[in-house]
Protein chains: 2
Amino acid sequence: MTGIKDVAREVEMSTATVSRALRGLPGVTDETRQRVMEAARRLGYVPSPSAAGLASGQTRTVAVVVPFVTRWFFATVVHGAEQVLREHGYDLLLYNLGGDPDARHRVFETSLLTKRVDAVLVLSLTPTEDELTRLSALGRPVIIVGADIPGWATVRIDDVEAAAAATRHLADLGHRRIAYIGGATEGVLDFTAPTARLAGYRRTLADHGLPHDPALEEDGEFTVAGGLRAGRALLSLPDRPTAVFAASDEMAIGVLRAAHQLGLEVPEDVSVIGIDDHEMAGYFDLTTVAQSADEQGRVAARQVLCALDTSEWKPEQVILPTELLVRRTTAPYVGTAGR
Amino acid sequence: MTGIKDVAREVEMSTATVSRALRGLPGVTDETRQRVMEAARRLGYVPSPSAAGLASGQTRTVAVVVPFVTRWFFATVVHGAEQVLREHGYDLLLYNLGGDPDARHRVFETSLLTKRVDAVLVLSLTPTEDELTRLSALGRPVIIVGADIPGWATVRIDDVEAAAAATRHLADLGHRRIAYIGGATEGVLDFTAPTARLAGYRRTLADHGLPHDPALEEDGEFTVAGGLRAGRALLSLPDRPTAVFAASDEMAIGVLRAAHQLGLEVPEDVSVIGIDDHEMAGYFDLTTVAQSADEQGRVAARQVLCALDTSEWKPEQVILPTELLVRRTTAPYVGTAGR
DNA sequence: CTGAAAGCGCTAACAC
DNA sequence: GTGTTAGCGCTTTCAG
């Protein structure tokens, strides 16, 4: 394997100069740099990240901890982050918890992260106190995406407001029995979004003077399957809701399916709205409160890069905008006469 | 940062012994190992992968090159692979091409892979001759998932047979005008699956003595959007097909949507079948030829591990089974009377 | 079973 | 601008 030494010998210079030239550091003549690059290319020089890492203490790698890569939101954030990291020469180490409580434990516990990455991106999880301690112990920038953890650098949307916007849309259409499908507000894999969205829903109901009926709140586990189940339960109610707000598009799609199975028309019999603007939302004409997962990934990655080359970096909370996208699964409430 | 030296000093032994003990190598008394482990834990010792990598030449990291993390199949394969790799102490470096031709070029061209990973997993791409050369030049195990590259280690399904099974199912139901929606058989990101599936479709048509109508073959780009577009085109034909075989569930879902938009009932007016058993397939009652992406990821990861600790490893081609899952989007052809 | 010592390939002060 | 010189923190012969 040809190393930096070989290149140095080839151009009859010291390895230090070669190293500087190759990395684009100042203090090297343009001509020298040219010769070095040329020689490196000719010799087929390939740098050793291990050696560089050992010597410099920087791995040019960032860890991304994700609950489930298979979920649209997470995959998309990873996609966005990878894009800008790669662009800046950083590699992305994927830690997929996959719903396995042990995996989560292992990742944080045995800090495999240490000495392996320059920074960490945590997606949507609410780290426990203990995990936060370990994360700060890393002494490296940590950016949290999709969760609101006070005091930490986060990139997310305003979940309360997103849910409020969805609920408001339904209320403005005249709906009075508005159901909510969310997710567990605690558990092994806990997120802050479910709690915030539920709060936004309830607050809006109150704001509009609408009664709060606990029977209209269901857990849809943030999956299509869960949304289908919850939707079926809700829409089979004797006094069923005329509108359903699902806290994610995947659950909303499940509700659409549930309505179909029960022979209900959307939006004639029931309005449905989600959150996300999932890639499939458009094909279902699903009205939703759009957020850009991609952008959240990119912004988070930029935060990482910024943290990495700003000596005195301080955690920042950035909130990305959401937008109500009215498509065709929501319609004005027309009373029972409309059916 | 406490290193191996600190642990050595603590137990009053050489770093060599500590290293051996920590890695579970033979030639260390049980008692010594106990003391070392204990001391390491107490001191909060964290190994440095860079140092270990530099000294041993092994990074305990495998690269996974994926066309689009956001696509169900790829995300699921990654999920499966990550699971077994992590279990065996390997990290997963994600290279997401994201449809960017430059990205692809960069990943293979500037062999960032070298000296950085112990093995490479390539998902679905058909590497070019040049890329294959570079891959072999790595001198490391390379496993290809979801593509048929003769001479290389691959893990995949029999795409020809999967497509044949789907087509056969439709033909057996009495359909004679069976459309096919696939993907480009060449391009920047080219896969072998589209070609194989098209072949399976055509072959089965011929086997059943059904005419081959080029007008019934559309490109759906393997996305819901593409499937919707292709489905709309196909189902708007004057003499429209009575059944549509989409080479992926995502496209099939697009077709379902197209049918709905055109006011056609599935399966009464048109039968639809896909391939994958995508997580959403069940909710659409989509008949499909199931493949386990998860399992392909796991098997591929096991191949990697095997290759890594078998000195004389030879590439193996493993083909995983598929299964026709008849749900409710396909039905017997009942002639025009049925409409 | 354990230890000594020589690197692995590069970076970073510090000289010149 | 460029060279010299120490390491970075491990693993790995080779001795004992």
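In what follows, every chain begins at residue 1, and chains take the letters A, B, ... in the order their sequences are listed.
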For [X] and [N], give me the distance from atom [atom1] to atom [atom2], rounded to whole Å.
| X | N | atom1 | atom2 | answer |
| --- | --- | --- | --- | --- |
| Leu22(A) | dG9(C) | CG | P | 16 Å |
| Lys5(A) | dT11(C) | NZ | C1' | 14 Å |
| Leu54(B) | dA6(C) | CG | P | 17 Å |
| Arg116(B) | dC8(C) | CZ | P | 21 Å |
| Glu31(B) | dC1(C) | CD | P | 12 Å |

Inset, instruction - Mind listing the closest non-hydrogen atom pair of Trp313(B) and Cys306(B) along with its distance? - result: CD1-SG, 4.2 Å
I'd like a table of atom pairs between the protein and nucleotides 12-15 of chain C - only N or O on both sides, under 3.5 Å - with the distance next to each one.
residue, atom, partner, partner atom, Å
dA12(C), OP2, Arg23(A), NH1, 3.3

Legend entry - 5' to 3' contact window, DNA chain D with chain B (heavy-atom distance under 4.0 Å): dG9(D) to dT12(D)
Inset, instruction - Using atom types as modelled and distance alone, determine if a side-chain donor or acceptor of Arg106(B) lies under 3.5 Å from a backbone N or O of Glu87(A). - result: no
Inset, instruction - Kindly say whether Thr59(A) contributes a backbone atom to a donor-acceptor pair with the side chain of Asp118(A) at under 3.5 angstrom? - result: yes
Inset, instruction - Please collect all salt bridge (Lys or Arg N to Asp or Glu O under 4.0 Å) contacts where either partner lies in residues 14-32 of chain B, sequence neighbours excluded, each pair once. - result: none
Inset, instruction - Name all pairs fulfilling the salt bridge (Lys or Arg N to Asp or Glu O under 4.0 Å) condition that reach into residues 291-310 of chain B, sequence neighbours left out, sorted by first residue then second. - result: Asp294(B)-Arg298(B), Glu295(B)-Arg298(B)
Legend entry - 5'-most by nearest nucleotide on DNA chain C - Thr17(B) or Ala51(B): Thr17(B)
Only distances under 3.5 Å count here; give the side-chain donor-acceptor pairs of residues 40-47 of chain A to other protein atoms, sequence neighbours excluded, each with its distance to 0.1 Å.
residue, atom, partner, partner atom, Å
Arg41(A), NH2, Glu38(A), OE1, 3.4
Arg42(A), NE, Glu38(A), OE2, 3.2
Arg42(A), NH1, Glu10(A), OE2, 2.6

Legend entry - Option from Leu121(A), Val66(A), Val145(A) for which side chain to side chain contact (heavy atoms under 4.5 Å, CB included) with Val77(A) holds: Val145(A)
Legend entry - Set of salt bridge (charged side-chain N to carboxylate O under 4.0 Å, His left out) partners for Arg71(B), sequence neighbours left out: none
Inset, instruction - Look at all strands and tell whether Gly27(B) reaches a base, only sugar-phosphate, or nothing, counting heavy atoms closer than 4.0 Å. - result: base
Legend entry - Residue-phosphate contact under 4.0 Å: Thr32(B) side-chain N/O, dT2(C) OP1/OP2: yes
Legend entry - Straight-line distance of Leu92(A) CG to Glu82(A) CD, nearest 0.5 Å: 5.5 Å
